[in-house]
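Please read the structure below before turning to the comments.
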Amino acid sequence: MTENPPAADGMAESLRERINTSQPHTARIWNYWLGGKDNYEVDRAAGDQIRQLHPGIGEYARADRLFLGRAVRHLVSDVGIRQFLDIGTGLPTADNTHEVAQRIAPDARIVYVDNDPLVLAHARALLTSTSEGRTDYLDEDLRNVDVILQHAAKTLDFTQPVALMLLGVVIFLGDDEDPYGVVRRLMDALPSGSHLVLSHTVTSPSMPDVDEAVRFWNEHGTPKLTQRTPEAVTRFFDGLDLLEPGVVSCSRWRPEHTHGAEPEEVAMYGGVARKN
C-alpha cells in the first residue's frame, strides 16, 4: 500500500526545472559510486576527480549502505521495530530501508524524506510495499522538523517506537544551523524505545586526503558539506543509550563475514542508540 505517490504527469515539468545538470550533486555522485545510473556526466566527472584525491572514498557509499542494512535488520529482528522515518533518503538503490525491513517484517511502515528533485522523480521505487505494510514519501528539507513530523504521523504511529534514520544527511547542516538541536527535536517527538541510526563523514588527522576531497567538493558541488570529528558525531547521540560498539567506522559496526579480520576503516562513522 502506498500513500501520496508523486503525480508524474503533473510534476514532470517542475521537477525538470529543479534538477540542475550543470553542477554536480552529492546524491547523484553517491549513486554513481554505488554503480547506479541516475547521474549525469558532470556528476561522474566530479566523482572521478574526488576519487583521484582520495581513492578509497567510493567505498564510503558502500560501507554506509551495508551499515544501513545491518542496523535495520538488527532493529527489526532483535528489537522488534516496525516503523522507520528515513530522512535524507537519497536515490533508490538496492536494499532500501523498506526492502530490508519488510523482508523480515512485511507489516513494517516506512516514511522517506528528501528534498532532491531527482529523488522525488524516482520516488515510485521507494513507494513499493508489501500489502501488509506501508511506505510514504515526503519532498521536504531536514530543517523543517515540524512539517516532517506532521506528515509522518499520517503513516507512522508515534505512540509506538520508531527508528529515525539519518544516514549521511546531517553533514549538510552547518554548525550555525543548530544540527544537534534538529536531531534532538526529531527524537523528542518519538516515544521511549525509539532508536536513532546516524552516519556522518568525519575529519581526522589520520585521513588528510578526506579533508582535501571535501574541500574540492565545497568549491565545485552542491550542497555544501560540514565535516565533524568522531567526537562531534558522537554528540548527536547525547541523552540516548548507544548500542555496542558505539560510534565507529560504518564498516566496523557489527560487521558480518569478517573471518576474524577487522574491516578497513572508512571516514564515514555511524552508530545506533536507544531512547529510554
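Both backbone and side-chain heavy atoms feed into the values below; hydrogens, waters and symmetry mates do not.
For the pair Phe236 and Val247, the minimum side-chain heavy-atom distance is 4.5 Å or more. Between Val202 and Arg228 there is no side-chain heavy-atom pair separated by less than 4.5 Å. Side-chain atoms of Thr226 and Asp175, non-hydrogen and from C-beta on, do get closer than 4.5 Å to each other. By the 4.5 Å heavy-atom criterion applied to side chains, Ile81 and Val162 are not counted as neighbours. Contact of the Leu242 side chain with the Val272 side chain is not registered, since no non-hydrogen atoms from C-beta on lie closer than 4.5 Å.
Among residues two or more places apart in sequence or in another chain, the side chain to side chain contact (heavy atoms under 4.5 Å, CB included) test is passed with Ala189 by Leu149. Partners of Arg82 by salt bridge (charged side-chain N to carboxylate O under 4.0 Å, His left out), not counting sequence neighbours, listed by chain and number: Asp107. Checked against salt bridge (charged side-chain N to carboxylate O under 4.0 Å, His left out), Arg109 has no partners two or more places apart in sequence or in another chain. Phe158 pairs by the ring pair (Phe, Tyr, Trp, His ring centres under 6.0 Å) definition with nothing, not counting sequence neighbours.
Side chain to side chain, Gln160 and Asp157 fail the donor-acceptor criterion of an N or O pair below 3.5 Å.
The heavy-atom pair separating Asp139 from Asn115 by the smallest distance is OD1-CA, 3.5 Å. Annotation for Phe172 and Arg143: closest pair O-NH2, 3.0 Å, computed over non-hydrogen atoms. Arg254 approaches Pro245 most closely through the heavy-atom pair CG-CD, 4.1 Å. Nearest heavy atoms, Val170 versus Leu142: CA-CD2, 4.4 Å. In this structure, Pro161 and Ser194 approach most closely via the heavy-atom pair CA-OG, 3.5 Å. Residue Asp43 comes nearest to Ile29 through the heavy atom pair O-CG1, 3.5 Å, listed as atom of the first residue, atom of the second, then distance.
Annotation: ring pair (Phe, Tyr, Trp, His ring centres under 6.0 Å) contacts involving residues 61-106, sequence neighbours excluded, comprise Phe67-Trp253, His98-Tyr112. Listed by first then second residue, pairs satisfying side chain to side chain donor-acceptor pair (under 3.5 Å) with a partner in residues 267-276 read Asp241-Asn276, Glu265-Tyr269, Arg274-Asn276, not counting sequence neighbours.
If you take CG on Asp64 and NE2 on His200, they are separated by 11.5 Å, rounding to the nearest 0.5 Å. Rounded to the nearest 0.5 Å, atoms SG (Cys250) and CG (Leu167) are 7.5 Å apart. Atom CD of Glu140 and atom CG of Asp146 lie 10.5 Å apart (nearest 0.5 Å).
Looking at Asp48 and Arg51, a side-chain N of the basic residue comes within less than 4.0 Å of a carboxylate O on the acidic one, giving a salt bridge. Using a 4.0 Å cut-off between charged nitrogen and carboxylate oxygen, Glu256 and Arg70 do not count as a salt-bridge pair.
Because its NZ or CZ atom is not both nearer than 6.0 Å to the ring centre of Tyr40 and within 45° of the ring axis, Arg28 does not count as a cation-pi partner of that residue.
Side chain of Thr229 to main chain of Thr203: no donor-acceptor pair is present (N/O by atom type, distance under 3.5 Å, no hydrogens or angles).
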